[in-house]
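For reference, the structure discussed in these notes is given below.
Read the numbers this way: they start at 1 and go in the same order the structure lists the ligands and their atoms.
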Amino acid sequence: MKRVGVLASGRGSNLEALLRGESEFDSYRVALVISNVETAGALTIARAAARPAIVLPHRGREREAHEADVREALAAHGVEIVCLAGYMRVLTAGFIVSFGGPILNVHPSLLPSFPGMHAQRQALAAGVRWSGATVHLVDSGVDTGRIVLQEPVEVMGDDTEETLSARILEAEHRIYPRGLDLIARGEGR
Ligand code: GRF
């Protein structure tokens, strides 16, 4: 069973999905949750699930110093796989190399379309009929790493950013635990 560290900055619904997934997949366990935001809902969710949850603020810290804090915490908890779940910081190549294990992210579009912020708004502006969710490995680019799993979501004529985001989020919650399970078992292509 692989020990997973989740990095989250916000509400934490994907963290919740990963925690729920533990009962379906016995390949991983969330061993640590780190947030750079003290008020993040993800911390409340982690504590409710009795998981170690720590705040490592990035404000007032140099990027390298903050990443060193994160790396130290991951090592102290024996984390082997990192999952970004609404983590609003881009990790440096140095961090990715020095962690050494897989780092996963979930993104609300069918990558490589619409990387970066506001992916759902980008999809609506482009007029695509399908968007979706992607689980991918993290490299030093923005949403550019190897794709592990994807689920398409149809864009409806009357969709707003909110309604489309809500349907894509449901897809994220389905594929993130499955994608993590694949990586934890050394599978996935
Ligand atoms: C999700 O849409 C995720 O794809 C994006 O940020 C959002 C995080 O939501 N990277 P939550 O905090 O997991 O609820």
Side-chain angles (χ1 to χ4, degrees), residues 4-22 24-25 28 30-49 51 53-58 70 81-91 95-96 102-126 128 130-155 159-183:
V4 172
V6 178
L7 271 52
S9 304
R11 146 188 83 175
S13 71
N14 277 291
L15 165 64
E16 218 162 22
L18 294 177
L19 288 165
R20 260 199 314 272
E22 289 177 353
E24 184 176 348
F25 305 107
Y28 73 86
V30 176
L32 175 65
V33 175
I34 299 176
S35 183
N36 57 324
V37 179
E38 208 172 326
T39 53
L43 291 167
T44 312
I45 291 167
R47 289 179 187 128
R51 305 307 160 92
I54 59 178
V55 184
L56 295 174
H58 64 275
V70 173
I81 300 176
V82 166
C83 285
L84 308 184
Y87 190 60
M88 300 309 284
R89 313 260 316 153
V90 175
L91 299 171
F95 178 90
I96 294 165
I103 304 178
L104 285 168
N105 184 38
V106 65
H107 183 78
S109 75
L110 292 177
L111 290 172
S113 292
F114 315 128
M117 299 288 287
H118 308 301
Q120 305 92 333
R121 193 186 303 172
Q122 292 183 56
L124 287 173
V128 293
W130 290 86
S131 188
T134 302
V135 175
H136 66 95
L137 288 163
V138 172
D139 63 14
S140 56
V142 175
D143 303 322
T144 50
R146 183 161 66 81
I147 290 168
V148 176
L149 269 186
Q150 294 187 302
E151 182 177 321
V153 172
E154 190 169 5
V155 181
D159 260 330
T160 62
E161 194 178 345
E162 287 68 36
T163 59
L164 178 60
S165 299
R167 287 204 314 290
I168 291 177
L169 193 63
E170 290 173 14
E172 293 179 43
H173 296 165
R174 280 189 292 271
I175 62 172
Y176 209 5
R178 285 176 46 216
L180 172 56
D181 172 62
L182 286 174
I183 296 300

Tabulate below the donor-acceptor pairs under 3.5 Å that side-chain atoms of residues 5-13 make, not counting sequence neighbours, or state none.
{"residue": "Ser9", "atom": "OG", "partner": "Asn36", "partner atom": "OD1", "Å": "2.8"}
{"residue": "Ser9", "atom": "OG", "partner": "Met88", "partner atom": "N", "Å": "2.9"}
{"residue": "Ser13", "atom": "OG", "partner": "His173", "partner atom": "NE2", "Å": "2.8"}

* Structure fact -> Sorted by chain and residue number, the salt bridge (charged side-chain N to carboxylate O under 4.0 Å, His left out) partners of Glu161 (sequence neighbours excluded) come out as Arg121

* Asked: Is there side-chain contact between Arg51 and Leu32, with at least one heavy-atom pair below 4.5 Å?
  -> no

Quick one: table the atom pairs, ligand 1 N or O against protein N or O, below 3.5 Å, distance rounded to 0.1 Å.
{"residue": "ligand 1", "atom": "2 (O)", "partner": "Glu172", "partner atom": "OE1", "Å": "3.2"}
{"residue": "ligand 1", "atom": "2 (O)", "partner": "Glu172", "partner atom": "OE2", "Å": "3.0"}
{"residue": "ligand 1", "atom": "4 (O)", "partner": "Val106", "partner atom": "O", "Å": "3.2"}
{"residue": "ligand 1", "atom": "4 (O)", "partner": "Glu172", "partner atom": "OE1", "Å": "2.6"}
{"residue": "ligand 1", "atom": "4 (O)", "partner": "Glu172", "partner atom": "OE2", "Å": "3.4"}
{"residue": "ligand 1", "atom": "9 (O)", "partner": "Arg11", "partner atom": "NH2", "Å": "3.0"}
{"residue": "ligand 1", "atom": "12 (O)", "partner": "Gly12", "partner atom": "N", "Å": "2.8"}
{"residue": "ligand 1", "atom": "13 (O)", "partner": "Ser13", "partner atom": "N", "Å": "3.4"}
{"residue": "ligand 1", "atom": "13 (O)", "partner": "Asn14", "partner atom": "N", "Å": "2.9"}
{"residue": "ligand 1", "atom": "13 (O)", "partner": "Asn14", "partner atom": "ND2", "Å": "3.0"}
{"residue": "ligand 1", "atom": "14 (O)", "partner": "Arg11", "partner atom": "NE", "Å": "2.6"}
{"residue": "ligand 1", "atom": "14 (O)", "partner": "Arg11", "partner atom": "NH2", "Å": "3.2"}
{"residue": "ligand 1", "atom": "14 (O)", "partner": "Ser13", "partner atom": "N", "Å": "2.8"}
{"residue": "ligand 1", "atom": "14 (O)", "partner": "Ser13", "partner atom": "OG", "Å": "2.5"}

* To do: Could you pull out the closest heavy-atom pair between Leu43 and Ala53, with the gap in Å?
  => CD2-CB, 3.9 Å

* **Ile81 to Ile183 - nearest heavy-atom pair and separation** => CD1-CG2, 4.3 Å

* Asked: Mind checking what makes side chain to side chain contact (heavy atoms under 4.5 Å, CB included) contact with Asp181, not counting sequence neighbours?
  -> Phe25, Ser27, Arg185

